[in-house]
Asks: 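My structure is below; once you've seen it, I'll send some questions.
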Amino acid sequence: AAMYFHLPARQLCWAHLVRHLVQIQEAADTRAQAADELLALVKEILGRWWDFKKGEITREELLQRTEAPRQAFRQKLTSLQPSSDAKAAAFARNLLANWDHAFRFIEECDIEPTNNVAERELRKFVLARKVSYGTRSEEGQQVFQRAYSVVQTLERQGQNAIEWLSGLFKAHRCGDP
């Protein structure tokens with residue numbers, strides 16, 4: 001995820017953030033209560049977002065109803081920073097440093113709170129790379145990336161990628177443009 005930190009328009013993945021909070025919670029020390037409170041605030045915020053997605057509240061109502069829990073979340077994070085628990089302190093420090101990217105899904109249209117959709121789309125290609133032990137050259141990597149892009153585009157258009165690629169290779173063999 002750090003490779004995307006330079007991008008100006010990004011959304012932190014709340015599935016990953018929740019997973020980190022659960023790890024802090026399971027440490028069962030003094031920070032567990034803070035993690036409990038943070039998780040309750042996340043549940044409240046995401047609950048309002050789902051109300052918005054279902055059309056039960058407007059964007060303006062979403063902003064209003066999540067303002068207080070977002071502020072409470074930030075205050076609780078600030079209290080975790082001077083923690084003796086290095087993981088909790090690092091989590092709080094990193095999230096506060098990237099605060100502008102934490103709740104974009106509340107403020108802007110068409111942004112999801114998690115990257116689950118993107119991860120599902122990448123999964124088959126990550127598995128293919130793992131099974132084949134990756135590529136051995138820069139050229140091989142470019143071919144793989146371009147093929148992935150074509151297949152994803154075709155699937156989103158509802159076309160059969162195998163048929164389309166077969167037609168492409170047949171045309172190439174026959175000298176057709």
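Note: hydrogens, waters and symmetry copies are ignored here, and every other heavy atom, side chains too, is used. By convention here, the first residue in the shown sequence is residue 1. Worth saying up front: this structure is predicted, and the values here are computed from it rather than measured.
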Asks: Test side-chain contact (heavy atoms from CB on, under 4.5 Å) on F91 and L17 and set out the steps.
Replies: CA-CA 9 Å; F91 173 81; L17 295 174; 3.8 Å; yes
Asks: Side-chain contact test, heavy atoms from C-beta onward, threshold under 4.5 Å: evaluate it for R70 versus I106 and give yes or no.
Replies: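 Result yes, sub-4.5 Å side-chain heavy-atom pair found.
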Asks: Do V150 and L168 have side chains that approach each other closer than 4.5 Å (heavy atoms only, starting at C-beta)?
Replies: no
Asks: Side chains of R104 and P113: does their closest heavy-atom pair fall under 4.5 Å?
Replies: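 Counting from C-beta outward, R104 and P113 never come under 4.5 Å.
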Asks: Could you pull out the closest heavy-atom pair between Q11 and A102, with the gap in Å?
Replies: NE2-O, 2.8 Å
Asks: Looking at F105 versus W50, is the centre-to-centre ring distance below 6.0 Å?
Replies: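 They do not qualify: ring centres at least 6.0 Å apart.
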Asks: Heavy atoms only: give me the nearest E108-I111 pair and the separation to one decimal.
Replies: OE1-CD1, 3.5 Å
Asks: Roughly how far, to the nearest 0.5 Å, is the NE2 atom of H16 from the CG atom of L21?
Replies: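 Between L21 CG and H16 NE2, I get 13.5 Å after rounding to 0.5 Å.
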Asks: Mind checking the OG1-CG spacing from T66 to L41? Nearest 0.5 Å is all I need.
Replies: 11.5 Å
Asks: Spell out, as yes or no, whether a donor-acceptor pair under 3.5 Å connects the side chain of W99 to the backbone of R74.
Replies: no
Asks: Okay, side chain of Q25, backbone of A35: is any donor-acceptor separation there less than 3.5 Å?
Replies: no
Asks: Given side chains that start at C-beta, do those of V22 and R19 come closer than 4.5 Å, heavy atoms only?
Replies: no
Asks: List for me each residue that meets ring pair (Phe, Tyr, Trp, His ring centres under 6.0 Å) alongside W164, sequence neighbours excluded, and say none if there are none.
Replies: none
Asks: For N98 and H101, indicate whether the former's side chain and the latter's backbone hold a donor-acceptor pair under 3.5 Å.
Replies: no
Asks: Please check if any side-chain donor atom of Q33 sits under 3.5 Å from a side-chain acceptor atom of E37, or the reverse.
Replies: yes
Asks: Any donor and acceptor pair, going by atom type alone, linking the side chain of E61 with main-chain N or O of T58 inside 3.5 Å?
Replies: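 It does hold such a pair.
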Asks: Atom CZ of F169 and atom SG of C174: how far apart are they, to the nearest 0.5 Å?
Replies: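 That separation rounds to 13.5 Å.
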Asks: Looking at Q157, I want to see if its CD is surrounded by more than 12 non-hydrogen atoms of other residues, nucleotides or ligands under 6.0 Å.
Replies: yes
Asks: Restricting to non-hydrogen atoms, name the atom on C13 and the atom on T114 that form the minimum distance, rounded to 0.1 Å.
Replies: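 Heavy atoms of C13 and T114 come nearest at SG-CA, 3.8 Å.
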Asks: Measure the CD-CG distance between E107 and D100 for me, rounded to the nearest 0.5 Å.
Replies: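 Answer for the CD-CG pair, E107 versus D100, is 8.5 Å.
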Asks: Should Q71 and E67 be marked as a side chain to side chain donor-acceptor pair (under 3.5 Å) after you check the CA-CA gap, both sets of side-chain angles, and the distance that decides it?
Replies: CA-CA 6 Å; Q71 289 306 319; E67 182 63 30; 3.3 Å; yes
Asks: Looking at CD1 of I24 and CD of E26, how far apart are the two atoms once the value is rounded to the nearest 0.5 Å?
Replies: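 One finds 11.0 Å between CD1 of I24 and CD of E26.
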Asks: Does a salt bridge link E112 with K53, judged by any charged N lying under 4.0 Å from a carboxylate O?
Replies: yes
Asks: Before you tell me yes or no, could you show the steps for W14 and F103 under side-chain contact (heavy atoms from CB on, under 4.5 Å), namely the whole-Å CA-CA distance, both residues' side-chain angles and the distance that decides it to 0.1 Å?
Replies: CA-CA 9 Å; W14 277 95; F103 295 105; 3.5 Å; yes
Asks: Nearest 0.5 Å, please: how far is CD in E56 from CG in D51?
Replies: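 So the gap between those two atoms works out to 5.0 Å.
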Asks: Which heavy atom in L77 sits nearest to a heavy atom in A92, and how many Å separate them?
Replies: O-CB, 3.3 Å
Asks: Measuring only between side-chain heavy atoms, which start at C-beta, is F73 closer than 4.5 Å to V42?
Replies: yes
